[in-house]
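The structure under discussion appears below in the form of C-alpha cells.
To find a chain, count down the sequence lines: A is the first, B the second, and so on, and within it residues start at 1.
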Amino acid sequence: MTDSRGPSLTPRQDSSLRGRGRPRGVPSELVDSNDLAYTGRAIGAGRQAALVRRWGWWYQAEWRLASMKAYWTTVVGYAGLTPLLYVVAMGVGLGTLVDGASGGIGGVPYLTFVAPGLLVSTVVMSAGNEFMWPVMDGFKWGKLYFARGTSPATPGQVAAGELVAVGIRMAAEATLFWLVLVLLGATDPAWSWLMIPIATLGGMALGAPIMAFSATREDEGFEFSMIQRFVLMPMFLFAGTFYPLETMPAYLQWIGWISPMWHGTQLSRAVSFGLPLGGAEVALHVGFLVALLAVGATLAVRSFRRRLTR
Amino acid sequence: MPVIEARELTKTYGELRAVDAISFEVSPGESFGLLGPNGAGKSTTMRMIGGTSLRSSGRLLVNGLDPEVNGPEVRASLGVVPQQDNLDNELRTRDNLIMYGRYFGLPYRYLRPRADELLEFAQLTEKAGEKVDNLSGGMKRRLTIARALVNEPRILLLDEPTTGLDPQARHILWDRLFRLKEQGVTLIVTTHFMDEAEQLCDRLVVMDHGRIVAEGSPADLIRRFSTREVLEVRFGSDRNAALVDRLRAFADRIEPLPDRVLLYTDDGERALEAVRHAGLTPLTSLVRRSSLEDVFLRLTGRSLID
C-alpha cells in the first residue's frame, strides 16, 4: 500500500513552489497565468480541424524534414560523395578496362552507361533505409507517431506525410547526384534532369511497400538486415546497374524485372544517353513503378491506421 | 451539456474485455478521475476519448461529437498527456512545442510567443534551448503538459501524470495542474495513486478489470465505503493472521494484510485503547484518516499498487 501518513501537502498550500521559475528579464505582465489556458489568440478547434483535414499530411512532412536536419550532413555527404567515388572507381578504373576491351557498352563509354544506374540505385537504397529504422522509431522507440496520433491529423495523413518528406529528400539527393554527374561530364544535361523525378519515383516505389512492412513490426528483429542483404543488395548487383540485364542468364533476369531499380535505371538511361526505348517499354517501366508505389502507399496507410487506432 | 458522455463503452482485444460497458459523464470545468490499478482499462478509455483507439461497442461523445467520426475536430479540442512521454528527442525544448503546434495547423507567428508562455508556465524557460534528452523526468513531464496546451484545449487528458516522479516533482506538477483547473480547463486524470486522485479530482470513478465499481467525490467515496478512521496494528508477520479473529471485536470491519492488520472504526484511538486493554500489545500502531486506498481495498479486496 502507498504510505499516506506524511503531512498532506496540497498544491495550493505549497506556497514555496508558487511564482518560481519566472526568469530574470521577462516582465511579469507578459505572463499572466490567469489566461494561460486560453489566450484567445489561437484559432478555434473547428478551424484547427479544418486546416488539418486539408494540410495534415504536409505538417507531418514538415516535421520529418525538420528532423532530417539533424543528419543533413550525412544526406548531403551521401548524395555528393557517392557519385564521386563511383565515378572515379567505375569511370576511371573499370571504365578504362571495359572501354579499352570493347569500346564501351551499347556504343557509349562505360561511365556514361553506368552513371544513370548509379544515380537511381543510390536514391532507391536510401529510400529503403528511410522507411525501415525511422518507421520503427516512430512506433517503438521515440513513439512520435503516437504523439501525432493525438493531434487532429489522421493516421493516413501521418503515413502520407512520411512518404512526401522522404520523396522530397530523394529528389534533393537525386538533384545533387545529377549535378555531380553533369560536372564530371558523365551525362548530357539536356534531358538527363528527368533522372531526378525518375529516381524519386523509383525510390518511393520501393520505399512505400517497405514502409508498410516496417509499420507492422512490433520489434526490430533481423528483418531489416535481411531486407538490406537479400532484397536491396541483389537488386543493386543483379538488376542491370553495372551491365545490361540481358547479359545475365535468363533464370536470374527476374530479379531485374521485379526490381524498381532496373525499371528506374532503364528510364534514366533513355533520358541520359538515349538508350532506345519503345513507347510500350516506357509505359511498362513507369506503370510498374507507379503501381508499386500505389500498392505500397495503400498498404502503408492501412498499417499506420491499424497501429495508431488499436 | 456534458463535455464527455460515455454509454456502455466497451473495448475488447480478442477475449479480453479491456473496457467493459462503462458509462460516465464529465461536465465542463470538472476535474474527473479514473482511479484503478494497472490494467484496469483507464488508458484504453483515454485513448478512445481521443479516437486513437477504436471502441468495440457503446456510445461516446466528446463535445457532442463522435471521436471516430469527427476525429480531427475532437482532437483539436483536446490536450493529451500520454502515459509515456513521446517528446521529440532530436529537437530542443522550445522547438518541441512549436513543431507539435504545427500539427494543429497553428501558424509560427502564434506558436513562437505561445511556446515562450508555455515554457514559463512549465518552469522551463531556462531550458528552452536544451536538448530534450538532457531534461530530468519531471521536466520532461512538464514539457509534455505544456505541449498538450499548445492548441489552447478546453479538455486536458492526463494519463498517469506523475508516475515515476519524485515527491517534489509531483507537487510542482500538481500545482501546475491546479492552476489549469482554476482557469476552467476540464481535467481528466487517470491514476493509480490515491493521493493524486484526492488532490486533483472533484469526482472520480474507481475502475477494476475494465468496469466501474464506484463513482463519487473522494470524500463521498470514503464516507460510503470506509469508516472515518483506520487503526493499523502490527504484531509481527507470524502473529498478524492469528489475531485477526480476536481483533474483529474492536472494529466495524477488519482487513488483514500480510504485514499489518487494518481496523476500520470511527474512533481509532479508542479502538487502540480497547485493543491494548484486552491485553494485545501491537509492536507498532498508527491511527489515520481513511483514504481512497481503503475504498479500493474494500471494493476489490486488493491494493491499488501490487
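Rounding to the nearest 0.5 angstrom, the gap separating the OG1 atom in A/T154 from the CZ atom in B/R75 is 7.5 Å. Atoms OG1 and CZ, from B/T44 and A/R310 in turn, are 11.5 Å apart once rounded to the nearest 0.5 Å. Rounding to the nearest 0.5 Å places OG of A/S151 at 12.0 Å from CZ of B/R102. Between A/R306 atom CZ and B/L54 atom CG the span is 11.5 Å, to the nearest 0.5 Å.
Proximity to chain A (any heavy atom under 4.5 Å) is shown, for B/L157, by neither the backbone nor the side chain. Neither the backbone nor the side chain of B/D95 comes within contact range of chain A, judged by heavy atoms closer than 4.5 Å. With a 4.5 Å cut-off on non-hydrogen atoms, B/Q84 touches chain A through its side chain but not through its backbone. Contacts of A/Q60 with chain B are made by both backbone and side-chain atoms, with heavy-atom separations under 4.5 Å.
Residues B/D88 and A/W63 have side chains in contact (heavy-atom distance under 4.5 Å, counting atoms from C-beta outward). Inter-residue side-chain proximity for B/Y103 and A/Q48 is flagged as unmet; no heavy-atom pair is nearer than 4.5 Å. Contact check for A/Y59 versus B/F104: no side-chain heavy atoms found under the 4.5 Å cut-off. The side-chain heavy atoms of B/R114 and A/T39, taken from C-beta on, include a pair separated by under 4.5 Å. Side-chain contact between A/F146 and B/P82: absent, with no pair of heavy atoms (C-beta onward) separated by less than 4.5 Å. Taking the side chain as every heavy atom from C-beta outward, B/T52 and A/L308 never approach each other to under 4.5 Å.
Ranked by heavy-atom pairs shorter than 4.5 Å toward chain A, the options B/P72, B/A76, B/G51 are led by B/P72. Residue with the most contacts toward chain B among A/I43, A/L51, A/V52: A/V52 (heavy-atom pairs, distance under 4.5 Å). Ranked by heavy-atom pairs under 4.5 Å with chain A, the list B/L91, B/L106, B/L118, B/L180 is led by B/L106. Per-residue heavy-atom pair counts under 4.5 Å with chain A were compared for B/L149, B/N89, B/N151, and the maximum is reached by B/N151. Counting heavy-atom pairs closer than 4.5 Å to chain A, the top residue among B/M48, B/M99, B/E90 is B/M99. Of all the listed residues (B/G101, B/G79, B/G105), the one sharing the greatest number of non-hydrogen pairs under 4.5 Å with chain A is B/G105.
Listed for the B/Q183 side chain is a donor-acceptor partner under 3.5 Å among the backbone atoms of A/A37.
Other residues, nucleotides and ligands contribute more than 12 heavy atoms inside 6.0 Å of the CH2 atom of A/W141. By the neighbour-count criterion of 12 heavy atoms within 6.0 Å, atom CZ of A/R305 is sparsely surrounded, having that number or fewer from other residues, nucleotides or ligands. More than 12 heavy atoms of other residues, nucleotides or ligands lie within 6.0 Å of CD in B/E68, so this atom counts as buried by the packing criterion. By the 6.0 Å contact criterion, CZ on A/R302 is open, its count of non-hydrogen atoms from other residues, nucleotides or ligands being 12 or less.
Here B/E152 does not pair with A/R41 in a salt bridge; the nearest charged N to carboxylate O distance is not below 4.0 Å.
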Let's go through A/K143 and B/D85 carefully: what are the C-alpha distance in whole Å and the side-chain angles of both, what is the deciding distance for side chain to side chain contact (heavy atoms under 4.5 Å, CB included) to 0.1 Å, and is it a yes or a no? CA-CA 9 Å; A/K143 298 191 185 301; B/D85 292 323; over 6 Å; no

Might you work through the side chain to side chain contact (heavy atoms under 4.5 Å, CB included) test for A/T150 and B/Y100, ending with a clear yes or no? CA-CA 10 Å; A/T150 59; B/Y100 189 73; 2.8 Å; yes

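Residues A/Y38 and B/R154 approach most closely at CE2-CD, 3.0 Å, considering heavy atoms.
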